[in-house]
Undergrad: 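Before anything else, here's the structure in question.
Quick note on labels: first sequence line is chain A, next is B, and so on, each numbered from 1. These figures come from a predicted structure and were not determined experimentally.
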Amino acid sequence: MVEYWNSIIWPMLEGAQMTVLLFFIAIIISIPLGFLLTLAVKSSFKPLSWLAQTYIIVMRGTPLLLQLLLICFGLPMLPIVGEYLVFDRFVAACIGFILNYAAYFAEIFRGGLLAIDKGQYEAAQVLGLSKLQTTTRVILPQMFRVALPAVSNESITLIKDTALLYAVAVPELLHFAQTAVNRDFTIVPYFIAGVIYLIMTLILSLFFKWLERRYKFE
Amino acid sequence: MALIEVTGLKKSFGTNEVLKQISFSMNKNEVVAIIGPSGSGKSTLLRSLVNLEQIDGGSVQIDNDFLVKDGVYAKPAEIKEVTSKMGMVFQHFNLFPHLTVKQNLEMAPSLRKTESASEIEKRSKDLLQKVGLSEKANAYPSNLSGGQKQRVAIARALMLNPDILLFDEPTSALDPELTGEVLKVMKDLAEESMTMIVVTHEMGFAREVADRVVFMDGGEIIESNNPSEFFSNPQHDRTKLFLQKNLK
């Protein structure tokens, strides 16, 4: 029994490592990228703003799975440039997640900006702050604070979305669970996978709860 | 020479003309109360002085420097220089919610880098004491009452040593029992000869503290006089009507 347990749990934990790695890579790059997109949307240079808005519409309006399949299997099929677009599956998946999640984070940050009262800009101006100082000292800290619950939500979704890697054959948590289910004809691995996902999302939501308390400004 | 000199100021929002050829001047150490019905343009006039509203015509001169000359604005650097002589206190306080009281006071001066950190700290301490909030230095604005927030906002404006302090309905967002503590601070400032323009609905404050009361209606200055004359002997029908409604 213990032996069987070991034979399924270790591969799954290894798969979970892949999940966690993808999560961190995606979150660390897509949050700043999302913020740049927000700035692009708000830009007074109209073509840039339109481009960013179109990007967000496309990335939010099509399934992440479709985007992943396109990057992993579609791009290499392109004539001429295709052969240069063959990525390692994991790298391709990271690119897909980053591009997709950046669009969501951009919308979250835009919402955060909308929540800031115009009196904050006025007070900063009257106190003689420059545009840059107003942005970095007054607006951004408040924007991130307002956006925190939504960022938390999106991060939890990201953990669960890593299961989409299954579809592009990157050996992550769900992949090993499915392998064990097929091999041993038992549903136990599904439950184990579920528990591992649950532990990861729980840790993440506790972390964000802590962040929210830490930056409560009370 | 007047400290503030406004001539022929015009301002419209779309087709709505909110300020019609306003001319107005005030001297150093003067306290002017601007009163009038809502929509009369009094807040817009005040906001025009610190470049929070873009005016459409006329001139604004502060301490002999033009902010706007015949409808043409000064260069950005000059605008910054001119407006830096004025501090502003808003109806809704506009404190920075992510900073403590002390940080609210010290941020702008420390970004200016004209004083050492210890000088700034000393002045913020003194000013908090002056507005009676020394014990709240490390509190966040969300933990303060409206009256306390407005006193912090006044202290924050004073941190930059303005020559003129502008108040835009400073007590209008407060519960009646909290207006007293804010008016007291403003009265103290007036006694220290601070030059102040106060847009207000507080007739008592206008009568007791102001050197001059300006009555605006429909984008025009209808009447301007010293408080005792203004309240006991208003000249215009519109002033009389307004006072009848607003003085119990």
Side-chain angles (χ1 to χ4, degrees), chain A residues 31-32 34-35 38-39 42-45 105 108-153 155 207-218, chain B residues 43 46-47 49-54 76-77 79-101 103-114 138-144 149 152-153 155-162 164-168 173:
Chain A
I31 285 184
F35 179 62
T38 307
L39 293 183
K42 302 283 273 183
S43 167
S44 51
F45 181 59
F105 284 123
I108 288 174
F109 293 142
R110 198 175 62 84
L113 281 182
L114 287 177
I116 296 171
D117 186 70
K118 92 178 196 307
Q120 294 289 309
Y121 296 90
E122 293 185 348
Q125 186 192 322
V126 172
L127 288 169
L129 271 64
S130 68
K131 280 233 165 80
L132 183 67
Q133 288 167 339
T134 304
T135 307
T136 57
R137 305 293 185 119
V138 177
I139 303 307
L140 290 192
Q142 293 186 56
M143 181 201 80
F144 282 115
R145 179 60 189 90
V146 173
L148 207 48
V151 170
S152 161
N153 212 6
S155 306
F207 168 71
F208 275 103
K209 281 264 158 59
W210 173 81
L211 263 189
E212 279 177 39
R213 266 202 314 276
R214 169 92 176 62
Y215 294 102
K216 210 167 161 197
F217 306 132
E218 276 180 12
Chain B
S43 283
L46 200 68
R47 290 164 57 82
L49 299 179
V50 277
N51 196 34
L52 286 176
E53 300 290 350
Q54 187 102 21
I79 290 178
K80 201 160 180 178
E81 174 67 28
V82 172
T83 52
S84 74
K85 290 172 181 163
M86 291 171 284
M88 175 118 174
V89 173
F90 298 89
Q91 180 178 0
H92 295 289
F93 331 124
N94 298 351
L95 293 180
F96 302 128
H98 61 299
L99 301 178
T100 63
V101 166
Q103 290 167 335
N104 261 281
L105 264 64
E106 293 176 4
M107 180 173 71
S110 56
L111 288 173
R112 275 194 183 181
K113 296 189 179 109
T114 52
N138 294 311
Y140 284 97
S142 62
N143 291 336
L144 302 180
K149 283 182 198 170
V152 172
R156 181 175 70 174
L158 288 171
M159 280 298 284
L160 297 172
N161 293 320
I164 309 158
L165 209 45
L166 310 179
F167 293 83
D168 188 6

Undergrad: Please classify the contact between Arg156(B) and chain A as side chain, backbone, both or neither, with a heavy-atom cut-off of under 4.5 Å.
TA: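 Both backbone and side chain of Arg156(B) come within 4.5 Å of chain A.
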Undergrad: So which residue, Val50(B), Leu166(B), Leu95(B), Val89(B), ends up with the most heavy-atom pairs under 4.5 Å with chain A?
TA: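 Top count of heavy-atom pairs under 4.5 Å with chain A: Leu95(B).
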Undergrad: Check the angle between the aromatic planes of Phe217(A) and His98(B) and answer parallel, tilted or perpendicular using the 30° and 60° thresholds.
TA: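 The rings of Phe217(A) and His98(B) stand perpendicular, inter-plane angle above 60°.
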Undergrad: Under the criterion side-chain contact (heavy atoms from CB on, under 4.5 Å), which of Ile31(A), Leu140(A), Leu114(A) is the partner of Phe109(A)?
TA: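 Exactly one candidate clears the test, Ile31(A).
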Undergrad: Which region of Leu111(B), side chain (C-beta onward) or backbone (N, CA, C, O), has a non-hydrogen atom less than 4.5 Å from a non-hydrogen atom of chain A, or is it both or neither?
TA: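 Interface part for Leu111(B): both.
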Undergrad: Checking Ser155(A) side chain against Val151(A) main chain: does a donor-acceptor pair fall under 3.5 Å?
TA: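 Answer holds: yes.
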Undergrad: Could you look at Met107(B) and say if it's the side chain, the backbone, both or neither that has a heavy atom under 4.5 Å from chain A?
TA: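 Looking at Met107(B), just its side chain touches chain A.
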Undergrad: Has Ser43(A) got a side-chain atom pairing as donor or acceptor with Leu39(A)'s backbone, closer than 3.5 angstrom?
TA: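 Checking the backbone N and O of Leu39(A) against the side chain of Ser43(A), no donor-acceptor pair under 3.5 Å is found.
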Undergrad: Would a distance-only check, ignoring hydrogens and angles, find a side-chain to backbone donor-acceptor pair under 3.5 Å from Lys85(B) to Ile164(B)?
TA: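 Checked: no pair found.
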Undergrad: Looking just at side-chain N and O atoms, do Thr100(B) and Asn138(B) make a donor-acceptor pair shorter than 3.5 Å?
TA: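 Result is no, nothing qualifies.
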Undergrad: So what's closer than 4.5 Å to chain B heavy atoms on Gln125(A): side chain, backbone, both or neither?
TA: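 The side chain, not the backbone.
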Undergrad: Among Ser84(B), Gly87(B), Pro97(B), Ala153(B), which residue has the highest count of heavy-atom pairs closer than 4.5 Å to chain A?
TA: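 Result: the option with the highest number of such pairs is Pro97(B).
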Undergrad: Take a 6.0 Å sphere around CZ of Arg47(B) and say whether it holds more than 12 heavy atoms from other residues, nucleotides or ligands.
TA: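 Above 12, so yes.
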Undergrad: Name the region of His92(B), side chain, backbone, both or neither, that has any atom closer than 4.5 Å to a heavy atom of chain A.
TA: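 For His92(B), there is no contact with chain A at all, as no heavy atom is under 4.5 Å.
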Undergrad: Is it the backbone or the side chain of Arg145(A) that comes under 4.5 Å from a heavy atom of chain B, or both, or neither?
TA: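 Neither; nothing under 4.5 Å.
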Undergrad: Contact part of Gln133(A) toward chain B, heavy-atom cut-off under 4.5 Å: side chain, backbone, both or neither?
TA: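 Only the side chain of Gln133(A) comes within 4.5 Å of chain B.
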Undergrad: Measuring heavy-atom distances to chain A, does Phe96(B) have an atom under 4.5 Å in its side chain, in its backbone, in both, or in neither?
TA: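 Contact with chain A: backbone and side chain both.
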